[in-house]
Amino acid sequence: MMKMHSMQVLMVVLSLGAVSLPIRADTTQPIPPTDFARRSPYGTPGMSPNGEYLALSVHGAAESDKYEIGVFHLPDMKPVSRLDMPDQTVPLKIIWTSNTRLIVIPAKQVGWLDEPLRTGDLIAADYDGSHQQSMYGWRARHAHGLPWAPGFFSGLPPKANGHFYWTVTTNNSDKASEGRSEIFDVDAETGSAVSMGSINDDGMQFVVYDGVARIAYGVDDQNKPLLFERDSKDQPWRKLTLSARTAIPLRISADGNQVYWRYSVDGGPDTLAVSNFNFSGLKILASDSFGSVEEVFWTPYPQKPFAVMIDTGHPHAIYVDDDDTATIHKALSQQFPDLLVRFAAVSEDGTRVLVKADSDKDPGLYALFTLNPVTFTPLFKEAPWIDPARMATRLPIRFTASSGQTLDGYLTLPAQGSKLPLVLLPHGGPIGIRDGWDYDAWAQFLASRGYAVLQVNYRGSAGRGNNFLMSGYKQFGTGIQQDLLDGVHWAIEQGYADKDKVCIFGGSFGGYSALMAPIRAPGTFKCAVDFAGISDYNIELDKSDTQRTERGRSYLTQAVGADNATIEAISPIYHLDQFNVPVLIVHGEKDPRVPLKNATELRAALDKAGKPYEWLVKPKELHGFYSDADNIDFLQHLQDFLAKYLGTDRPTTGIGSTGKSAPNMNRG
């Protein structure tokens with residue numbers, strides 16, 4: 001990086017306050033459901049190594065399934081080229097392998113409740129749109145020395161050289177131990193591939209140094225961690241016996257002598273640590289007593305960590321280095337205290353930074369910071385129709401549950417006041433997922449309709465370490481539901497919620513909780529909304545895509561249980577005599593994760609019992625709705641259903657507060 005005295009950098013960045021403009025909005029009209037259901041027109045940006053070009057996905061009209069890759073010159077965002085994507089295929093990653101060559105990893109968007117599903121394909125093109133090539137996938141199978149099998153992007157060399165790393169897993173069995181993982185160095189121009197290492201377990205990941213896979217890690221068929229290392233490509237793998245509960249290798253230092261880890265010796269919150277390959281000389285670089293290290297920010301080469309992000313509560317950075325990259329990040333964070341600043345990309349020489357800033361009220365905005373000369377140029381917003389001035393504040397909360405465990409979460413408040421109608425919004429998963437401080441379209445929609453929204457990171461959620469994660473196992477219908485109920489009691493006791501106006505709504509496991517929590521706490525809820533929720537865990541054990549592999553079946557046995565008594569005890573459909581609230585049932589007809597049978601059998605049982613429900617099933621949808629029209633229709637149903645049973649006092653004056661004004665990012 002071009003060197004500049006840290007104080008000089010700080011003063012220059014702070015002088016950029018002139019780019020900030022206050023946002024004023026007409027708050028007399030309700031925000032339409034469309035604004036909360038629309039997909040972002042822009043995403044997955046990637047900057048060329050020299051910082052001169054930006055590639056990003058561009059989505060077409062609202063009801064279009066078409067995405068394309070656009071390449072733009074920086075900082076003027078002048079279009080250079082475009083690459084069309086197949087229907088319903090989104091660019092999961094856009095990666096520059098040199099200043100003129102990029103690769104695109106496509107995925108199928110299957111709904112809001114699931115991550116996009118990788119297609120296994122790989123597309124390459126030059127920045128000007130020429131030399132487009134299907135490098136890997138069904139049409140390019142067995143090409144260039146890469147075996148045809150599920151593959152995934154595994155990183156880049158420390159300095160761009162036109163190559164990238166690609167890992168392939170092969171298996172003719174449903175057992176990971178009978179498979180094989182192999183990582184290749186691939187030339188993005190020709191597609192030729194050279195193996196850098198392999199190991200006889202599928203689903204493994206590798207850490208590479210100097211063209212050699214030095215570390216391999218993953219989990220076995222029983223979901224227990226595996227960790228191997230070796231000194232060179234000619235040496236056999238050595239299996240490491242772990243005394244730590246968590247040891248995930250992140251990167252090997254530039255000199256090849258040390259490894260950076262996400263590390264926890266006792267199962268508490270994960271830390272950032274560095275050690276020799278055999279864990280000798282271990283040093284903790286950053287930690288937090290409550291939350292895990294979730295993100296690590298790296299400098300340009302030699303790629304040292306300069307900060308970590310702790311996502312619990314209000315996300316905050318912990319700095320581990322004081323070089324210029326850290327100084328710029330500190331200064332921008334200080335300039336815009338209501339925004340969470342991340343570096344989406346940094347040029348190889350460190351003089352150009354693609355800055356992403358988001359918050360509880362803004363899905364994300366991007367700008368280009370340059371060091372020579374010092375400039376700060378707004379580029380685009382992910383959702384330019386969202387006005388942060390009209391969004392509600394998400395308050396980080398902590399409370400002590402009846403178990404004695406401290407839990408965290410978020411309370412989204414539509415306006416000042418007390419004893420508001422409350423919607424409990426449990427997240428999906430349940431294991432390894434968490435609610436964060438970031439923009440949440442469902443929570444903001446509900447707040448715009450006058451409801452306080454409570455989200456609890458119950459036991460089993462991510463972000464607190466392995467012990468907290470494992471504490472959710474075999475607690476799906478019991479302890480997790482009690483954590484959610486404890487959150488409701490806390491909100492009532494604190495005066496935020498009206499005890500007579502509480503509903504529960506969630507998707508996936510949240511939909512399951514919308515059925516199970518009212519059974520555990522009769523009289524607490526006035527209504528429930530089950531979006532793609534499980535009514536009978538027997539269906540999951542028999543029909544869901546999770547049970548198709550030994551690893552998936554092992555997870556279900558460990559996390560849920562397998563004996564009939566346990567399954568019936570935690571399945572709402574066997575306890576509908578205690579379910580006495582009206583329910584809105586929402587499902588996608590083609591859902592592979594939570595099959596539609598969960599909804600149809602629930603409806604039949606409610607019909608037989610003469611209990612009230614409303615029904616919304618979309619014939620083309622999977623796990624969550626993909627179509628903008630279907631999502632808008634769902635939000636309208638949700639709005640009407642909640643108003644029917646909770647009423648609503650939608651605020652007509654400004655909800656939320658922008659505090660320090662954000663950069664004017666309406667360009668594009």
Side-chain angles (χ1 to χ4, degrees), residues 245 264 266-271 287-294 310-316 360 393-413 418-437 440 443 451-506 509-510 512-514 516-525 559 570:
R245 297 290 296 275
S264 173
D266 58 1
D270 295 345
T271 70
S287 64
D288 182 85
S289 61
F290 188 83
S292 289
V293 167
E294 293 296 319
I310 308 296
D311 284 347
T312 51
H314 192 296
H316 59 282
D360 56 340
T393 298
R394 287 168 65 76
L395 297 178
I397 63 170
R398 288 188 190 180
F399 63 91
T400 302
S402 57
S403 64
Q405 174 74 58
T406 299
L407 300 177
D408 79 310
Y410 298 88
L411 188 64
T412 305
L413 295 174
S418 61
K419 295 189 176 180
L420 297 165
L422 178 74
V423 177
L424 174 63
L425 181 57
H427 64 69
I431 304 300
I433 307 294
R434 65 172 282 109
D435 287 310
W437 181 73
D440 186 309
Y451 304 112
V453 184
L454 175 66
Q455 294 167 281
V456 176
N457 287 316
Y458 46 72
R459 67 189 78 179
S461 298
R464 300 278 301 277
N466 190 66
N467 290 346
F468 188 78
L469 192 81
M470 297 296 291
S471 70
Y473 276 38
K474 297 189 177 176
Q475 296 291 310
F476 286 19
T478 52
I480 288 176
Q481 304 309 315
Q482 188 59 51
D483 289 347
L484 292 168
L485 294 168
D486 288 344
V488 172
H489 297 152
W490 174 87
I492 293 170
E493 291 168 0
Q494 296 297 312
Y496 291 111
D498 183 340
K499 66 179 179 61
D500 296 320
K501 292 186 176 182
V502 182
C503 277
I504 180 171
F505 151 51
F509 182 83
Y512 162 78
S513 294
M516 198 65 193
I519 292 170
R520 285 190 56 88
T524 299
F525 301 98
I570 67 169

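Because only heavy atoms are used, hydrogens play no part in the values below, and waters and symmetry mates are left out as well, while side chains stay in. What you are looking at is a predicted structure, and each value in this text was computed from that prediction instead of being measured.
- A donor-acceptor contact shorter than 3.5 Å is absent between the side chain of S292 and the backbone of P269.
- Note that CD1 of I570 and CD1 of I480 are 9.5 Å apart. Values are rounded to the nearest 0.5 Å.
- Between the CG atom of D500 and the NZ atom of K419 there is a distance of 9.5 Å, given to the nearest 0.5 Å.
- The line from CG of L424 to OG of S513 is 8.0 Å long, rounded to the nearest 0.5 Å.
- A 4.5 Å side-chain heavy-atom check between L485 and R520 finds at least one atom pair inside the cut-off.
- For the pair D360 (side chain) and R394 (backbone), a donor-acceptor distance under 3.5 Å is present.
- Here the straight-line distance linking atom NE2 of H314 with atom OH of Y410 works out to 9.0 Å at 0.5 Å rounding.
- Screening Q481, Q475, Q482, K474 against T478 for a side-chain hydrogen bond (donor to acceptor under 3.5 Å, both in side chains) leaves a single residue, Q475.
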Would V502 and V488 count as a side-chain contact (heavy atoms from CB on, under 4.5 Å) if you check the C-alpha gap in whole Å, the side-chain angles of each, and the deciding distance to 0.1 Å?
-> CA-CA 8 Å; V502 182; V488 172; 4.2 Å; yes
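- Contact check for I310 versus V293: side-chain heavy atoms found under the 4.5 Å cut-off.
- Of all the heavy atoms in S403 and D486, the pair that sits closest is N-OD2, 4.5 Å.
- A 4.5 Å side-chain heavy-atom check between Y496 and L413 finds at least one atom pair inside the cut-off.
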How far apart are the C-alpha atoms of S264 and R245, what are their side-chain angles, what is the distance that settles it, and do they pass the side-chain hydrogen bond (donor to acceptor under 3.5 Å, both in side chains) test?
-> CA-CA 6 Å; S264 173; R245 297 290 296 275; over 6 Å; no
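- Between F525 and C503 the shortest side-chain heavy-atom distance does not fall below 4.5 Å.
- Within the 6.0 Å centre-distance limit, the rings of Y458 and H427 are counted as a close aromatic pair.
- Using cut-offs of 30° and 60° for the angle between ring planes, the F476 and F509 rings count as perpendicular.
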Does the side-chain contact (heavy atoms from CB on, under 4.5 Å) test come out yes or no for Y451 and K501, once each step is laid out?
-> CA-CA 10 Å; Y451 304 112; K501 292 186 176 182; over 6 Å; no
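- Remark: T524 OG1 to L484 CG distance equals 12.0 Å, nearest 0.5 Å.
- The CG atom of D270 lies 11.5 Å from the CG atom of D288; values are rounded to the nearest 0.5 Å.
- A salt bridge links R434 with D408: the distance from a Lys NZ or Arg NE/NH1/NH2 to an Asp or Glu carboxylate oxygen falls below 4.0 Å.
- For the side-chain contact (heavy atoms from CB on, under 4.5 Å) criterion with L411, the lone passing option out of T393, V453, L454 is L454.
- Using a 4.5 Å heavy-atom cutoff, the side chains of S471 and L469 are not in contact.
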Could you walk me through whether F399 and V456 pass the side-chain contact (heavy atoms from CB on, under 4.5 Å) check?
-> CA-CA 10 Å; F399 63 91; V456 176; 4.0 Å; yes
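- Between F290 and R398 there is a side-chain heavy-atom pair separated by less than 4.5 Å.
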Would you sort out whether D483 and R459 count as a salt bridge (Lys or Arg N to Asp or Glu O under 4.0 Å), showing the intermediate values?
-> CA-CA 7 Å; D483 289 347; R459 67 189 78 179; 2.9 Å; yes
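- For the pair L425 and A443, the tightest heavy-atom approach, listed with the atom from each and the gap, is CD2-N, 4.2 Å.
- Considering only heavy atoms from C-beta on, R464 comes within 4.5 Å of T312 through its side chain.
- In terms of modelled atom types and a separation under 3.5 Å, the side chain of D435 and the main chain of Q455 share no donor-acceptor contact.
- In this structure a side-chain-to-backbone donor-acceptor pair under 3.5 Å is missing from N457 to A462.
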